[in-house]
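Keep in mind that this is a model prediction, so the values were computed, not measured. Just so we're on the same page: letters track the sequence lines, and every chain starts at 1.
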Protein chains: 2
Amino acid sequence: MTREEIANICKAMSDTNRLRIIEMLTSGEKCGCELLDELQVTQPTLSHHMKVLSDCGLVSSRKDGKWHHYTIRHECFAEYIEYIAAVSSHNEQNREMSCCCSK
Amino acid sequence: MTREEIANICKAMSDTNRLRIIEMLTSGEKCGCELLDELQVTQPTLSHHMKVLSDCGLVSSRKDGKWHHYTIRHECFAEYIEYIAAVSSHNEQNREMSCCCSK
DNA sequence: GTAATACATAGACATTTGTCAATATGTTTT
DNA sequence: AAAACATATTGACAAATGTCTATGTATTAC
């Protein structure tokens, strides 16, 4: 996963409505109309949000007749968590002592 | 951690320059001037980025003479990872069967 | 076949964001 | 005291973003 891909995932999750959508999908597959019921946005706005979430890989969709079912892509979240865990871990072996202003 | 706080953290990480800064801080405390050397941005832009990272809680700063040393706040990352892990975990017990369009 | 439902697309608009140049503030060095 | 260095603040601007209305496209129901 490149830094750009990580940034795109973060950008997708930087909106509270999209976070709510992700939270709703935690309990399992949902169709657009059900997500729409819970959010205070219009249908085109929801459609836009689902495209953002799909494009970055966090969510996958499955068409079934006139319904679109959305699901969390656990592999994507797993890779993302892996990155966050890596950058946030204190790794003493990686520690550099060469800061220009260290005494 | 509220949904707004999570969204702010995501927004802070949604920029590739700020991700690079976080990556640089992984190896330990860094001062602004050293971060500036590695990035292709002006000093005011770096100052802005550090403010964004500090305001959301991901980074803390320590003033030492004319230098400002920045550090990753592991507690904040830990809370964030906890949220991501929670929403991305498949929890069969939480699964709802009541989708309007489920057959 | 007509109406209703679920979703996407296009265009508009106000707000936010990343960036810079200019300038200010505080600290160290000479 | 003056110069150099590290950082913050202000104001400007182009680009990106979230939202809406209007409209289009499938699919199902009557």
Could you run through nucleotides 10-24 of chain D and give me one letter per nucleotide, 5' to 3': B if any protein heavy atom sits under 4.0 Å from the base, S if only the sugar-phosphate is that close, - if neither? -------SSBBBB--
Any chance you could list the contact pattern along nucleotides 25-30 of chain C? Use B for base contacts, S for sugar-phosphate-only contacts and - for none, protein heavy atoms under 4.0 Å, 5' to 3'. -SSS--
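Computed from coordinates, the A:Leu36 CG to C:dC7 P distance equals 8 Å when rounded to whole Å. The nearest whole Å value for the distance from the NZ atom in A:Lys51 to the P atom in C:dA10 is 10 Å. Rounded to an integer number of Å, the gap from CD of A:Glu34 to C1' of C:dC7 is 16 Å. Separating the CG atom of B:Leu35 from the P atom of D:dA8 is a distance of 11 Å, rounded to the nearest angstrom. Spacing between atom CG of B:Asp55 and atom C1' of D:dA8 amounts to 13 Å, rounded to whole angstrom units.
Between the side chain of A:Glu5 and the backbone N or O of A:Thr2, at least one donor-acceptor pair lies under 3.5 Å. With hydrogens and angles ignored, the 3.5 Å screen pairs no side-chain donor or acceptor of A:Asp64 with any backbone N or O of A:Trp67. Not one N or O on the side chain of B:Arg73 forms a donor-acceptor pair closer than 3.5 Å with the backbone of B:Ser60. Of the possible polar contacts, one joining the B:His74 side chain to the A:Ser88 backbone as a donor-acceptor pair under 3.5 Å is found. With hydrogens and angles disregarded, no donor-acceptor distance shorter than 3.5 Å links the side chain of A:Ser14 to the backbone of B:Lys11.
For the salt bridge (charged side-chain N to carboxylate O under 4.0 Å, His left out) test, residues two or more places apart in sequence or in another chain that qualify with A:Glu23 are B:Arg3.
Using a 4.5 Å heavy-atom cutoff, the side chains of A:Ile21 and A:Leu53 are in contact.
With values rounded to the nearest 0.5 angstrom, B:Ser61 atom OG is found 10.5 Å from B:Lys51 atom NZ.
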